[in-house]
Trainee: 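Could you have a look at this structure, given as C-alpha cells, before my questions?
Just so you know, ligand 1 is whichever comes first in the structure, and atom 1 is the first atom listed for that ligand. In what follows, every heavy atom counts, from backbone to side chain, and hydrogens, waters and symmetry copies are set aside.
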Amino acid sequence: MPQLSKRTALFTESVIRRMTRVADLHGAINLSQGFPDFDPPPELLAAAARTAEAGPHQYAVTWGAPNFRRALALKVSRFMGFPIDADEHIVVTCGSTEAMMASMLAVCNPGDKVIVFSPFYENYGADAILSGAEPIYVELRPPRFTFDPDELRKAFEQKPKAIILCNPSNPTGRVFTRDELETIASLALEFDAFVITDEVYEHIVYEPHHHIYMASLPGMFERTISCNSLSKTYSITGWRLGYVVAPPEAADAVKKVHDFLTVGAAAPLQEAAVTALGLPEAYYRSLLDVYTEKREVFLKALDAAGLTYVTPEGAYYVLVDVSEFKLRDDVAFCEWLAQYVGVAGVPGSSFFHEPTRHLVRFHFAKKNETLEEAGRRLLGLQEAWGKHAP
Ligand code: GLN
C-alpha cells in the first residue's frame with residue numbers, strides 16, 4: 001500500500017470517544033465522553049417529530065438555514081448583549097468540533113503558532129496538526145487552574161496567530177474571571193492575534209461564577225471567533241449542530257472552509273432546533289438548577305469514596321486525583337476502572353501537554369440515579385484495586 005499522509009501519523013484517535021467504546025464493552029457507567037443520558041426538552045422532540053414529516057429534507061443553505069440563523073442571532077444577541085447579524089456574523093457547522101476546525105483552517109497558515117492552554121480539550125491538538133499550526137502551550141496551574149500572566153506574555157511574544165480559549169473550561173471546570181479575560185484580550189490586541197473561543201458550556205456556570213463572552217470585551221468582537229453548539233445547552237449532542245460567531249471577514253473565510261468540509265449541518269435538525277433557540281429565559285435557569293444538583297450529587301459521591309478533586313466552577317467535568325494509585329499508565333487505569341469497578345472516565349493525560357498520570361476526568365451529565373450508582377461503584381474502588389490491580 002502507498003504511504004498515508006504524515007499528518008495522520010501525528011495524532012491518535014480521540015481517547016475521550018474511545019473510552020465510550022470501552023465503557024460499552026464492559027457495560028460500565030459512562031462518565032467519560034460528556035453527553036447526557038436524559039432526554040432533550042420535550043418541545044424539541046415534538047419539533048423534531050414535526051420536521052420528520054414536513055421536512056425540509058434537502059440541503060439547507062451551506063452556512064445555515066436562514067430561519068435557524070435568525071433564531072441563533074436573536075439568542076446570541078440576547079446573551080452576548082449586542083446585536084449579531086444572522087447573515088454577516090453566523091456560520092452553522094456540524095457541531096462545535098467542526099466550528100473549531102473550520103476556524104483554525106480559516107485563520108492559520110502552516111507554520112503559524114497558536115497558544116493553547118494546558119490542560120486542553122483534546123480536539124485542539126488534532127485541530128492544530130490538521131491546520132499545520134504549531135501549539136505554544138501555556139500551563140493552567142492547579143489547584144485553581146489559572147495562568148501566569150508573564151508566561152502568557154512570553155507566549156504572545158512568539159507572535160502567535162491565535163489563542164484558543166475554552167471557557168468554561170473542559171476539562172478543568174474553570175470559569176475565567178473578567179480580569180483574566182482582560183489580560184488575554186489586551187495581549188491579543190497588543191500582539192494582533194485572534195482569540196478562538198470554545199464556549200459550549202456558556203449556560204452551565206455555577207454560582208457565584210458567571211460567564212463573560214470574550215467577544216463582548218472592548219475591541220474584541222473584531223478579533224474573536226466564538227465557537228459554540230446546541231449540544232450541551234439543549235442535550236442534543238447527537239444532532240451535531242454548532243456555529244461560529246465572527247466578524248464578517250472571518251465569518252466569510254469560515255463559510256468557505258465549512259462549505260468544502262461538510263456542505264452543511266442536517267437541514268431537518270436545524271429546522272427543529274429553531275424551537276430550542278426560542279425557549280424562554282426560565283429554560284436556562286432550570287438547566288443550571290439541574291446541573292447544580294448533579295454537581296452536588298456527584299461531588300458527594302466522590303467525597304464518600306474518599307477521592308479528592310478540584311470543584312468545577314462551570315461545565316460538567318471534574319478532575320479527580322488518583323495519585324494514591326501511583327500510576328505509570330493512566331490509560332490502562334481507566335480501562336481497568338471500566339472493567340473492574342464499572343465506571344468509565346477519561347485518563348487525565350489526554351488533556352495535558354505536561355506529563356500527567358494522576359488525574360481522571362469524570363463528567364456528571366447523567367441522571368441523578370446514574371450518578372448515585374456510579375458513586376456506589378466507586379466506593380468499591382480501593383477493594384477492587386487490592387484484588388485486581390493490573
Ligand atoms: N465535549 C465532550 C467531552 O469532552 C465530547 C465531545 C465529543 O466527543 N465531540 O467529553
Trainee: Evaluate Tyr137 against Phe120 for ring-ring contact (aromatic ring centres under 6.0 Å, His included), listing each step before the verdict.
Mentor: CA-CA 9 Å; Tyr137 293 100; Phe120 57 94; 5.4 Å; yes

Trainee: Could you tell me whether some N/O pair between Gly34 and ligand 1 is separated by less than 3.5 angstrom?
Mentor: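 Between Gly34 and ligand 1 (N or O atoms, distance only) the closest approach is under 3.5 Å.
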
Trainee: Just need the protein heavy atom nearest to atom 6 (C) of ligand 1, so name the residue and atom and give the distance.
Mentor: Tyr121 OH, 3.1 Å

Trainee: Do the two ring centres, one from Phe351 and one from Tyr121, sit under 6.0 Å apart?
Mentor: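 Phe351 vs Tyr121: aromatic centres not under 6.0 Å.
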
Trainee: Does the ring centre of Phe325 sit less than 6.0 Å away from the ring centre of His358?
Mentor: no

Trainee: Are Trp385 and Phe333 near enough that their ring centres are under 6.0 Å apart?
Mentor: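 Yes, close enough.
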
Trainee: Of all the heavy atoms in Arg361, does at least one lie under 4.0 Å from an atom in ligand 1?
Mentor: yes

Trainee: Under 4.0 Å, heavy-atom basis, I'd like to know which part of Tyr201 is in contact with ligand 1: side chain, backbone, both or neither.
Mentor: side chain

Trainee: Could you list which atoms of ligand 1 come closer than 4.0 Å to a heavy atom of Gln33?
Mentor: 5 (C), 7 (C), 8 (O), 10 (O)

Trainee: Does Phe351 have a heavy atom less than 4.0 Å from any atom of ligand 1?
Mentor: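 No; Phe351 lies far enough from ligand 1 that no heavy-atom distance drops under 4.0 Å.
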
Trainee: Check contact between Tyr317 and ligand 1, using heavy atoms of the residue and a distance below 4.0 angstrom.
Mentor: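 Tyr317: in contact with ligand 1 (<4.0 Å).
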
Trainee: N/O of Asn170 under 3.5 Å from N/O of ligand 1, yes or no?
Mentor: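 Yes, at least one N or O pair falls under 3.5 Å.
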
Trainee: Can you name the residues that form a side-chain contact (heavy atoms from CB on, under 4.5 Å) with Ala155, not counting sequence neighbours?
Mentor: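 Only Ile115, Ile136, Val138 meet the side-chain contact (heavy atoms from CB on, under 4.5 Å) criterion with Ala155.
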
Trainee: Is the gap between the ring centers of Phe362 and Tyr317 under 6.0 Å?
Mentor: no

Trainee: Applying ring pair (Phe, Tyr, Trp, His ring centres under 6.0 Å) as the test, list every pair that has at least one member in residues 84-111; sequence neighbours left out.
Mentor: His89-Phe221

Trainee: For atom 7 (C) of ligand 1, what is the closest protein heavy atom, and at what distance to 0.1 Å?
Mentor: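 Of the protein heavy atoms, Arg17 NH1, 3.1 Å lies nearest.
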
Trainee: Among all protein heavy atoms, pick the one closest to atom 1 (N) of ligand 1 and tell me residue, atom and distance.
Mentor: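 I find the closest protein heavy atom is Lys232 NZ, 3.1 Å.
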
